[in-house]
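Residue indices begin at 1 and follow the sequence shown.
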Amino acid sequence: MVAFDFDGTLTVRDSFKAFLDWHAGLAGSAKGYLSLAHAAGRYLVDRDRGRMKAAAVRRFLGGLARSEVEARARAFAETHATRLLRPDALRAWRYWRSRGATLVIVTASPEILVAPFARGLGADHLLGTRLAQDPEGKVTGALDGANCRGPEKTRRLRELFGPDLRLAAAYGDTAGDKEMLAIADHAGYREFRERP
């Protein structure tokens, strides 16, 4: 079992922000971020990344049909994968695949946006932040459960694979990965540096 963080580990930058910029366009993203000033100010006080993420989802994706977000995520992955994915991280991914490892992407980014990348890589599992939807299948702007960061990454891994899970390796690049790295025989912290 090998777990990879996504943003900054498999990719060179935050895929959620990159997707929002692409989705909204230059003028739309500038206007959207400006409208998040209050939420950003609140984040500076409470450091609640989940609340900040929900505010961004609400502003940029709220009210869209889940199927529309999925289609946009596929189009984004198709056009941006070669610019986002780190070559050295992909080599590590292929190395573990050749050894028969179960490969899991564990990310704070929304699962719905990372799913096309995960499929393209042949990931066995994807654990990420889930977005809530209403009965009509529209994104509400709320999170469905906790932001998949820090202890939540380990909790989700153990929920899927059992309480005694030990990883052969884990790769991450921020403090939000430290709990996941702590349950790995090989803890690859900021191991990947190459850019496409």
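At distances below 3.5 Å, not a single donor-acceptor pair connects side-chain atoms of R66 with backbone N or O atoms of V139. For R166 (side chain) and A184 (main-chain N/O), a donor-acceptor pair under 3.5 Å exists by modelled atom type. In terms of modelled atom types and a separation under 3.5 Å, the side chain of D144 and the main chain of R130 share no donor-acceptor contact. Checking side-chain atoms of R49 against main-chain N and O of A108 turns up no donor-acceptor pair under 3.5 Å.
Ionic pairing of E152 and R149 is not present here: no N-O contact between side-chain nitrogen and carboxylate oxygen is shorter than 4.0 angstrom. Taking a cutoff of 4.0 Å between a charged side-chain nitrogen and a carboxylate oxygen, D7 and K17 do not qualify as a salt bridge. With salt bridges taken as basic N to acidic carboxylate O contacts below 4.0 Å, one links R155 and E159.
Using a 4.5 Å heavy-atom threshold, the side chains of F161 and V104 count as touching. The side-chain heavy atoms of T79 and W22, taken from C-beta on, include a pair separated by under 4.5 Å.
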> Given the rule in the salt bridge (charged side-chain N to carboxylate O under 4.0 Å, His left out) test, do R190 and D5 qualify, once you have shown the distances and angles that lead to the verdict?
Replying inline: CA-CA 10 Å; R190 294 189 178 175; D5 168 57; over 6 Å; no
> Which is it for I105 and L127 under the side-chain contact (heavy atoms from CB on, under 4.5 Å) test, yes or no, and what are the steps along the way?
Replying inline: CA-CA 6 Å; I105 295 174; L127 302 173; over 6 Å; no
> Would S29 and L20 satisfy side-chain contact (heavy atoms from CB on, under 4.5 Å), going step by step from the backbone distance to the final call?
Replying inline: CA-CA 7 Å; S29 62; L20 294 180; over 6 Å; no
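Of all non-hydrogen atoms in G172 and D177, the two that sit nearest each other are CA-OD2, 3.3 Å. In plain terms, the two heavy atoms of F60 and G32 that are nearest each other are CZ-CA, 3.6 Å. The minimum heavy-atom distance linking P163 with R158 is given by the pair O-NE, 3.3 Å. Scanning both residues, E194 and D88, for their nearest heavy atoms gives N-OD2, 3.1 Å. Here the closest heavy-atom approach between residue W93 and residue G122 is recorded as CZ2-C, 4.3 Å. The minimum heavy-atom distance between A54 and L143, with the atom names listed, is CB-CG, 4.1 Å.
With rounding to the nearest 0.5 Å, the separation of OH in Y171 from NE2 in H186 is 4.0 Å. Taking CG of L121 as the start and CZ of F4 as the end, the distance is 9.0 Å to the nearest 0.5 Å. Expressed to the nearest 0.5 Å, how far CD of E70 lies from CD1 of I112 amounts to 4.5 Å. Taken to the nearest 0.5 Å, the CZ atom of R72 stands 11.0 Å off from the CG atom of L113. To the nearest 0.5 angstrom, R195 atom CZ is 9.5 Å from R13 atom CZ. To the nearest 0.5 Å, atom CE of residue M180 and atom CG of residue L157 are 7.0 Å apart.
Under the 30°/60° scheme for interplanar angles, the aromatic rings of F117 and F76 are found to stand perpendicular. H23 and F19 have parallel rings, their planes meeting at less than 30° on a 0 to 90° scale where 60° marks the start of perpendicular.
Side-chain polar atoms of Y95 and R99 form a donor-acceptor pair below 3.5 angstrom. Of the N and O atoms on the side chains of T140 and D134, not one donor lies less than 3.5 Å from an acceptor on the other residue. When only modelled atom types and interatomic distance are considered, D21 and Y33 share a side-chain donor-acceptor pair under 3.5 Å.
Between P196 and the choices T11, V12, L85, T82, the side chain to side chain contact (heavy atoms under 4.5 Å, CB included) rule is met once, by V12.
Within 6.0 Å of CZ in R42 there are 12 or fewer heavy atoms belonging to other residues, nucleotides or ligands. Counted within 6.0 Å of CG on L26, heavy atoms from surrounding residues, nucleotides or ligands total 12 or fewer; the atom is thus considered open.
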